[in-house]
Structures are given as C-alpha cells and as structure tokens.
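Below is one structure; the comments refer to it alone.
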Amino acid sequence: MFIRNHVTSVVAIMYQCTSLPMRNFSVCRYLSSPKRRSSYSLVDSERYSSLVKSVMSSKVSSQTPETLLAEDEHIYGRIVKAHIPPTVSEMREPKSLHPFLLHEKTEETDEAESAPPLRIILKRGQDRASIPSVTRVLQQTLSSEQIFYLERWKKKMIAELGEDGFKEYSQNLFRQGKRFHTALDDILMSDATQKDEYASDTLELPPEIQGYVESISHILEDVSAVRAIESTVQHDTLKYLGIVDCVARYRGVLCVIDWKTSEKPKPFLSNTYDNPIQVAAYAGALNNDGNYKYQVEHGLIVVAYKDGSPAHAHKLSSELMLQYWNIWLQRLEKFTELSSSHVSSAFSQKK
DNA sequence: GGATCCTTCTTCTTCTTC
C-alpha cells in the first residue's frame with residue numbers, strides 16, 4: 001500500500017511538472033535531481049572572476065541614485081507615462097487574488113441555508129452564445145498523452161464490440177450517468193424542500209440506477225444544507241460558464257459536489273483525471289457570479305458504482321482547489337489561444 | 001419544429017514473486 005501511495009504521489013508530482021509553466025518545471029527538475037546542487041556551483045568562476053570581484057568589492061561607486069537618474073534623463077529624455085496594453089493573461093486574471101479565500105460576499109445566515117436550493121437554468125442567449133463552457137474547454141485542451149490513451153482505448157473497444165456495439169455502449173454509459181443525476185436531483189430536492197428525512201425513500205428509482213444510489217447512501221448521510229442543484233454558474237470576468245451538480249455541506253463544510261458514475265473503481269483522486277479541474281472551475285465561477293451570495297472554497301468528487309459497493313468520495317481542500325484553479329487558468333488560456341488561432345486561420349482562408 | 005448547448009462517460013499496464 002505504501003509503495004502504491006508513493007508511486008501515486010510521484011506520478012502526481014510528474015503530472016504537475018507537465019502541467020505547470022516552465023519556471024515551475026525547473027523547480028520540479030531541481031526537486032527530482034538525486035543531489036540538490038546550487039546553480040551557482042555550475043558557474044565558471046575563473047571566467048567571471050573580475051565580475052565576481054567587482055560585485056563582492058566594498059568599494060563605493062561614485063554614482064548615486066540621483067546622478068544615475070540625471071544621466072538616464074540626459075540619455076533617454078524625460079519619463080513619459082506610456083499606455084501599455086495589458087497582456088492576455090493580465091486581462092483574463094480576475095481582480096480577486098484568490099478565488100477561494102475571499103469573503104467579499106455577505107456572510108450566510110441560517111435562514112439562507114434553509115431556503116430551497118437554487119436552480120438557475122441555462123439559457124443560451126446572444127450574449128452567452130460565445131461564452132465557452134467548462135466541459136468544452138477541458139475537452140478541447142486535453143494533453144496529447146490523454147488523447148493518445150483515449151484513442152487507444154476507443155480502438156480496443158471497437159475491435160471488441162464493433163462500431164455499432166461501441167456506439168451503443170457509449171450511449172448506455174451516458175444514459176446511466178444522466179439517469180443517476182436526475183434521480184439524485186430528485187432525492188436532494190425532495191429532501192431539501194419537504195423537510196422530511198425520509199422523503200426520498202418514497203421516490204421510485206429506475207432499476208438500473210438503484211445500485212448507484214445505494215453506492216452513495218453513506219455519502220448522502222453526511223450531506224446537508226443543499227444550496228444549489230444543477231445550477232448554471234458564470235464567471236463574470238473570465239467569461240466562461242458551466243452547470244454545477246450540487247452545492248451543499250458535506251460533514252459541515254460547504255462544497256461544490258460533482259457526482260460521477262464509473263465502471264472501474266476510482267479509489268484515488270488521480271483516478272479522476274480532469275474532474276478536480278472541473279470542480280475548481282465551477283467553484284471559481286460561482287464565487288464570481290452575482291447570483292450566488294456566498295463563497296465556496298471546497299470541493300467533493302463522489303464516484304458511484306453500479307453494483308452498489310460504497311462510493312469513493314474525494315475531498316478537495318481549499319489549498320487543492322487553488323492548485324487545480326491554477327491548472328484551470330492554464331487550460332482556459334490554451335483554449336483561448338486555440339480558438340483565436342482557429343478564428344484567424346478561418347479569416348485568412350476566407351480572404 | 002429543428003438545431004445547438006451543457007452534461008452524461010471513456011485514459012494512466014505489464015511482469016515477477018510469494
């Protein structure tokens with residue numbers, strides 16, 4: 001078990017290395033090197049001896065900040081405040097420094113928690129037509145490694161089931177996932193609105209869903225104060241939207257909850273691929289959406305199984321959420337670059 | 001009424017030893 005956990009964490013570090021910007025990559029390389037060496041030890045000290053001497057020398061220069069400024073002015077002229085256009089990342093960066101540790105929105109009251117869950121239906125108007133969704137961004141910015149393994153899996157399945165068989169298999173997976181979500185929405189909504197602890201027991205469940213619901217029954221015992229169900233969230237600054245499965249308290253902590261169905265067991269967070277990024281993206285959007293009068297800092301991914309075996313619940317602390325939020329920003333940036341290059345190439349073709 | 005959108009899922013592995 002230890003070895004497995006160890007390997008998982010090493011893989012997690014490797015994954016982070018590949019997902020983070022170059023400066024972080026060098027940090028990872030530094031951490032993974034067998035012997036931590038200072039980069040200064042690599043400097044050809046003989047070659048730079050005069051420079052080192054001049055830097056280390058205590059001799060005071062005849063130049064002072066004032067004389068340097070006067071000299072600069074003489075050479076370059078007076079400083080004129082120039083308008084520097086913001087970079088894409090600056091434009092996209094929200095005004096808030098931390099999307100999960102802000103308390104700008106008014107504090108919650110017990111009354112607000114006892115109100116019926118919010119459900120903002122997605123309406124695609126003209127203003128929203130161009131706004132990408134979380135799913136679309138994640139799908140279109142998969143790594144080449146992810147695409148490779150998915151394609152390989154697909155080929156294997158088609159070889160096994162045939163084209164039509166695979167199509168039917170995929171549709172069935174989607175159908176089960178959708179039915180599970182619908183059933184869960186009914187359960188949560190009926191519990192939240194009827195104030196009856198056993199209200200959901202009277203609900204009729206489709207037979208193929210019963211195992212999944214049984215799988216999450218122990219999780220549902222710890223879920224309370226449901227605030228939102230299948231509700232649209234939109235990041236007003238970063239311009240993206242999505243639909244959160246659920247916002248509720250899990251063991252007393254307010255979380256964005258994502259329900260998943262899976263054929264394979266997913267006991268580790270790393271088994272859930274991009275799901276944590278999805279949850280962080282939803283939470284970040286909710287925290288920047290005026291329709292929600294509260295902040296959510298935590299996340300929860302619940303993986304349910306058809307045979308009724310206990311679901312795996314992966315908690316995402318605010319620290320983890322921030323890490324995944326940063327990965328989400330990178331994916332969003334990549335998506336923007338891809339779509340703008342797509343637009344410009346389409347434009348040049350038209351020309 | 002039809003089309004489109006947001007979701008719903010799918011990946012990480014192969015061989016040795018006890």
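None of the values given here were measured: they were computed from a predicted structure.
Dashed line: the shortest gap from a side-chain N or O of A:Q171 to OP1 or OP2 of B:dT10 is not under 4.0 Å. In terms of phosphate contacts, A:T261 brings a side-chain nitrogen or oxygen within less than 4.0 Å of OP1 or OP2 of B:dC9.
Comparing B:dT10, B:dT8, B:dT11 against the side chain of A:Y149 picks out B:dT11 as the nearest. Checked against B:dT13, B:dC9, B:dT7, the side chain of A:F174 finds its nearest nucleotide in B:dC9. For A:V134, the listed nucleotide lying nearest its side chain is B:dT7; candidates were B:dT7, B:dC9, B:dT10.
Backbone-only engagement by A:K266 is indicated by non-hydrogen atom pairs under 4.0 Å involving sugar-phosphate atoms exclusively. Residue contacts shown for A:L150 include a base, since a base heavy atom lies under 4.0 Å away. When heavy atoms are screened at a 4.0 angstrom cut-off, A:K264 is found touching the sugar-phosphate backbone but no base atom. Using a 4.0 Å heavy-atom distance criterion, A:R152 is classed as a sugar-phosphate-only contact. Across all strands, A:Y282 comes closer than 4.0 Å only to sugar-phosphate atoms, never to a base (heavy-atom distances). As judged by a 4.0 angstrom heavy-atom cut-off over every strand, A:Q139 is placed among the base-contacting residues. When heavy atoms are screened at a 4.0 angstrom cut-off, A:S133 is found touching the sugar-phosphate backbone but no base atom.
A cation-pi contact, defined as under 6.0 Å to the ring centre and within 45° of the axis, is absent between A:R136 and A:F335.
Applying the ring-ring contact (aromatic ring centres under 6.0 Å, His included) test to pairs two or more places apart or on separate chains, those with a residue in residues 299-321 of chain A are A:Y305-A:H312.
Going from atom CG of A:N275 over to atom P of B:dC9 covers 8 Å, rounded to whole Å. The distance between atom CD of A:Q176 and atom P of B:dT10, rounded to the nearest whole Å, is 10 Å. Per the geometry, CZ belonging to A:R179 stands 14 Å off P belonging to B:dC9, to the nearest Å. What separates CZ of A:F180 from P of B:dT7 is a distance of 17 Å, to the nearest Å. Going from atom CE of A:M157 over to atom P of B:dT11 covers 8 Å, rounded to whole Å. Rounded to whole Å, the distance from CD1 on A:I147 to P on B:dC9 is 21 Å. Between A:N271 atom CG and B:dT13 atom P there is a gap of 11 Å when expressed in whole angstrom units. Separating the CD atom of A:Q146 from the P atom of B:dT10 is a distance of 14 Å, rounded to the nearest angstrom.
A distance of 3.5 Å separates NE2 in A:H181 from CG in A:D245, rounded to the nearest 0.5 Å.
Between A:S231 and A:I120 the shortest heavy-atom distance is OG-N, 2.7 Å.
When the nearest nucleotides of DNA chain B are assigned to A:H181 and A:L142 by heavy-atom distance, the more 5′-ward of the two goes with A:H181. When each of A:T135 and A:E263 is assigned the nucleotide of DNA chain B bearing its nearest heavy atom, the one mapping closer to the 5' terminus is A:T135.
Using the six-membered ring where Trp is involved, A:W153 and A:Y169 have ring planes that are tilted, between 30° and 60° apart.
Of the possible donor and acceptor atoms, none in the side chain of A:Q176 sits under 3.5 Å from a partner among the backbone N and O of A:L173.
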